[in-house]
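Here, residue 1 is the first one in the sequence, and each next residue gets the next number. First listed ligand is number 1; within each ligand, the first listed atom is number 1.
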Amino acid sequence: MAVTVKQLHPLFVGEIQNVDLSQPMDDAAFAEIQDAIDTNAVLIFHGPTLDEDAQATFAERFGPLYADNRLLKTGLKDRIGPKLVDISNLNENNEKMDRNDRRRMFGLANQLWHTDASFKKVTAKYSLLHAHTVVPEGGETQFADMRAAYDALPQKMKDRIEGMVAEHCIATSRAQLGFTEFSDAERAALPPVQHDLVRVHPVTGRKALYLASHASHIVGMPLPEGRMLIRDLMEHATQPQFVHTHTWQVGDLVIWDNRCTMHRARPYDLDAYRRDMRRATVMDPDYMEGAVQKTA
Ligand code: OGA
Ligand code: MN
């Protein structure tokens with residue numbers, strides 16, 4: 001049966017209505033889904049809740065996942081298994097974290113516009129976020145189309161930013177909220193990295209702005225000037241016409257292409273509600289060992 005894709009936004013975001021990810025998927029259907037991601041950049045599935053292995057196994061069809069999914073080294077027991085990132089407000093005992101919990105304060109930065117793992121040398125290709133428990137108000141996820149945002153820039157700006165390189169660091173996004181409590185080991189594990197500000201999508205050939213709250217400055221530019229440029233581009237790229245808001249239902253799985261989108265969580269009452277989301281993150285093969293780095 002052919003996969004049907006309903007586009008939810010004039011620029012991007014497809015909804016798949018006739019695929020149940022808990023059932024085996026043949027190569028033909030998978031190829032259609034791959035095409036739909038390339039076109040739509042964000043793909044939404046509704047369906048039954050998948051366990052960790054089922055989510056990870058589906059994600060691995062797109063490429064290898066990161067091995068280390070814990071940025072904070074808390075020494076505490078994990079609530080979920082090692083293949084997925086825990087995007088919940090719950091602690092190791094499955095209770096709501098209290099407001100001074102380091103993991104909760106760290107996780108709040110997901111509410112800043114970002115792209116996943118831009119602070120790593122091997123950046124993320126896809127993220128697959130799956131909803132186990134959703135909140136009755138707030139807690140939506142918003143996506144911004146960075147291809148359309150690039151296309152809409154004045155030619156003068158396109159010429160200006162061509163070839164620019166930005167430095168990204170996890171500490172940059174956290175510092176925006178005043179979170180600086182990284183241990184030496186955590187800091188050492190995530191040194192600043194540099195990435196092209198404009199990326200060319202390897203399949204569609206479309207250019208996209210590669211931005212994130214992790215982006216600190218532009219290499220070779222005075223700090224305030226580069227930081228101002230990043231802010232200005234972030235503001236441009238997140239105007240309403242480039243943004244789609246996803247309201248979660250239990251069982252939803254959303255795949256986004258980190259190479260050409262940004263996203264953020266919307267606020268919700270972390271003390272009143274449980275929000276249990278789990279993410280599989282596929283590495284970008286173009287940035288893995290031995291890959292030829294693409295420079296604009
Ligand atoms: C993520 C993320 C946003 C959200 O999983 O990478 O940023 O709405 N999530 O939880
Ligand atoms: Mn994220």
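Within the protein, the N, O or S atoms lying under 2.8 Å from the Mn ion (ligand 2) are H114 NE2, D116 OD1, H263 NE2.
Taking the six-membered ring where the residue is Trp, the centroids of H114 and F119 are separated by 6.0 Å or more.
Atom numbering of ligand 1 starts at 1 in the shown order; those under 4.0 Å from a heavy atom of H263 are 1 (C), 2 (C), 6 (O), 7 (O). Taking every heavy atom of H114 and a limit of under 4.0 angstrom, the matching atoms of ligand 1 come to 7 (O).
Between the CG atom in L209 and the CZ atom in R147 there is a gap of 12.5 Å [rounded to 0.5 Å]. H130 NE2 to L84 CG: the interatomic distance, rounded to the nearest 0.5 Å, is 9.5 Å.
Residue R275 has at least one nitrogen or oxygen atom sitting less than 3.5 Å from a nitrogen or oxygen atom of ligand 1, judged on distance alone. In terms of polar-atom proximity, defined here as any N/O pair under 3.5 Å, D116 does make such a contact with ligand 1. Checking only distances, T141 does come within under 3.5 Å of ligand 1, N or O to N or O. The shortest N/O to N/O separation between R279 and ligand 1 falls below 3.5 Å.
Using a cut-off of 4.0 Å between Lys/Arg side-chain N and Asp/Glu carboxylate O, R103 and D86 are scored as not salt-bridged. We find that E186 and R174 are not joined by a salt bridge, their nearest charged nitrogen and carboxylate oxygen being 4.0 Å or further apart. Using a cut-off of 4.0 Å between Lys/Arg side-chain N and Asp/Glu carboxylate O, R61 and D27 are scored as salt-bridged. Under 4.0 Å is where a charged nitrogen must lie from a carboxylate oxygen, and between D196 and K207 no such pair does. The pair D68-K73 meets the salt-bridge criterion, with a side-chain N (NZ, NE, NH1 or NH2) lying under 4.0 Å from an Asp/Glu carboxylate O.
In this structure, atom 3 (C) of ligand 1 lies nearest to the protein heavy atom A265 CB, 3.7 Å. Taking atom 9 (N) of ligand 1 as the reference point, the nearest protein heavy-atom neighbour is L129 CD2, 3.8 Å.
Between the side chains of D145 and H9, no donor N or O sits under 3.5 Å from an acceptor N or O.
In the hydrophobic clustering of ILVMFWY residues, with side-chain heavy atoms under 4.5 Å counting as a link, I170 and V193 come out apart.
The residue Y268 has no part lying near ligand 1, judged by heavy-atom distances below 4.0 Å. For R266, no heavy-atom contact with ligand 1 is shorter than 4.0 Å.
Within the cation-pi definition used here (under 6.0 Å to the ring centroid, within 45° of the axis), R206 does not qualify as a partner of F12.
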